[in-house]
Amino acid sequence: MPVERLLATPEAEAVVELARTIAEREIEPRVVADEADGRFPREVFAVLGAAGLLALPYPERFGGGGQPYEVYLQVLEEIAYRSASVAVGVSVHSLSCYPLAYHGADAQRDALLPRLLSGVPLGAYSLSEPHAGSDPAAMTTAARVESDGAGYRLSGTKAWVTHGGVADFYTVFARTSTDHSGGISCFLIDAGIDGLVVGAPERKMGLTASPTTQLIFDDALIPTDRLIGGEGAGLRIALSALEAGRLGIAACAVGLAQRALDDAVAYARDRQTFGRAIIDHQGLGFLLADMAAAVESARATTLSAARLRDAARPAARAASIAKLVATDAAMRVTENAVQVLGGAGYTKDYPVERYMREAKVMQIFEGTNQIQRMVIARHLAKG
Amino acid sequence: MNIVVTVKQVPDTWAEKKLDAADKTVDRKSVDNVMNEMDEYGVEEALKIKEAHGGEVTVVTMGPAKAVETIRKALSMGADKAVHLTDDSLHGSDALATSAALAKVISTLSPDLVITSSEASDARGGVIGALLAERLGLPQLTQARKVTVDPAASKVTIERQADNGYALVEASLPAVVSVVEKINQPRYPSFKGIMAAKKKPLTTLSAADAGLDAASVGLAGAATSVVTAVPAPPRSSGTIVKDEGDGGTKIAGFLAAQKLI
């Protein structure tokens, strides 16, 4: 059943339809093989970039689409419906542009942002470290000022970097002083510089078409003009970027859950037991009804948070709620989709087991759902 | 080159197609409606010819108010302007009536070249290109898998797809060309194209605006009528041949019965 969307303008409808068409024609035919073989579909990002879909939520004067999050998130959802790996990639790329776009100096934005938003290069976002995930201020990667003023020397190991090795630029956070949370700074780093080595891809449970690696910096020289937002501003930048990124992940989860629901419904209408379609057995019908309710409420929660953000209202709490609700819904819905397909669902001949593996990481990355609860609780405590 | 390209909004290719219970016309309400996929190839070819030789691409469609979505898609791909013929009285027009209405609109645009696709995925009549050419009194070049335009010599040459090869067909301009999907790879619209489409000229015509006689179009003016329709029967499960040492013989017998060997 097509998703019923209320979009404000015919242009917004056309943008979402464009995403749906590209996803259907460019992603759907290859997603099963890409996920099975662990092959990153770089060509798909080129098509999305050429269509202007990699820069939707950024200002038009820098080459972005100037679109509200309400539209951008529904584009992400349509992409996630065909491939969670690609949709997460689009969200991460968007996240990687965020610090420069909203915290960069005017001269930096004029010089660098149009290229980042051109749809040609692909970005990655690197905050976590092996021992600094949920607690990013525990990071140890250090950036020390080069005595001759040529820039900063970066040393240390970053972890869990989506697009590691395939990105053209990395937005990296590193320590410029020992001040626990006030000593972190943000850098925009080109791929392929001396002193940057990309680790072997992690052997993940899902999103296998999207490489996740470590980045190992060994005295890598970063020019001074690649420091974004001043020394010590890094943690604040990282958290504001994550607020936007969490909405992106919520949308990815909604798209994935919608796909699992649709596949489960199609199977349940077709599959017969005891002389009728299994969807007509109340036990399965109610399960599917709960799945549909979970998908629709996850979408509503996500878009509601997007509208707050679009209206320039504080949206951190709503973004955390959306991320929590949508990714927990995706986990439950994909798991139940496997249940609906029964033995068939447990095999790799059907995609629902993959959806379930893909949903799991969404409860973990861009802030685990325990961290989201912490954020929400802090807002409640502050009153 | 003044190029006209026709497009049609149809029910989504993969959706289950139904007929309206009351008047047996295509049910457009219960499904997603999209640009007829083969029309994307027509629009692409029109844009390529324009990019090579200059000029302007005008999109023409006949259809209900919602068909403006399909016009916008063609404009967002890069067409310059559009004409939308829409009127309740046109509802139920068959291929003959549709071609008469479209020809009337197209003739006012004085095109050098009219491009259509070979068929629409809903009715699959595959005759509009030929009918338009007759109505307009222009040469028809149908089933084109390649189009070459020579504006200086005022002629167009196509490779006409045939079962076992192709035929070279040449005509003087103006002419009507219908294209098959082998001809090109249609571009996607882009975000910028979608935003630009908003500002492109779109003329909406009623049947009266277009100078059409209400009695000659729509269900009233249709020369054909749908008497009855039944859904296609579900595919049967096929024949299972059990191999008891004579499997090869049985399969050969089956193929022979189908006149395949």
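Naming convention: chains lettered A, B, ... in sequence-line order (proteins, then strands); numbering from 1 in each chain. Side-chain atoms are counted along with the backbone in the values below, which use heavy atoms only and exclude waters and symmetry mates.
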Got more than 12 heavy atoms from elsewhere within 6.0 Å of NZ, K200(B)? yes
Just wondering, more than 12 heavy atoms not from R271(A) lying within 6.0 Å of its CZ? no
If you define the side chain from C-beta out and look only at heavy atoms, does anything of P10(A) sit under 4.5 Å from E69(B)? no
Under 6.0 Å from the CZ atom of R42(A), do we count more than 12 heavy atoms belonging to anything else shown? yes
Under 4.5 Å heavy-atom distance to chain B, tell me which part of L18(A) shows up: side chain, backbone, both or neither. side chain
Under the side chain to side chain contact (heavy atoms under 4.5 Å, CB included) rule, what do M195(B) and Q67(A) come out as? Steps first, then yes or no, please. CA-CA 11 Å; M195(B) 291 302 158; Q67(A) 289 299 293; 3.6 Å; yes
Gap between atom OH of Y188(B) and atom CG of L48(A) - 0.5 Å precision: 9.5 Å
If every non-hydrogen atom of K192(B) is compared with every non-hydrogen atom of G63(A), which pair is closest and at what distance? NZ-O, 4.4 Å
Of the non-hydrogen atoms in A50(A) and S190(B), which two are nearest, and what is the gap between them? O-CB, 4.2 Å
Check each atom of A55(A) against the heavy atoms of chain B and say whether the ones under 4.5 Å are side chain, backbone, both or neither. neither
How about D88(B): does its CG atom have over 12 heavy atoms from other parts shown lying under 6.0 Å from it? no
If I measure from the heavy atoms of chain B, does E60(A) come under 4.5 Å with its side chain, its backbone, both, or neither? neither
So does E296(A) have more than 12 non-hydrogen atoms from other groups sitting under 6.0 Å from CD? no
Is the OH atom of Y350(A) crowded by more than 12 outside heavy atoms at less than 6.0 Å? no
May I ask you to decide whether R25(A) forms a salt bridge with E40(B), counting only side-chain N to carboxylate O separations under 4.0 Å? yes
Once rounded to the nearest 0.5 Å, what's the spacing between atom CG of D32(B) and atom CZ of R20(A)? 6.0 Å
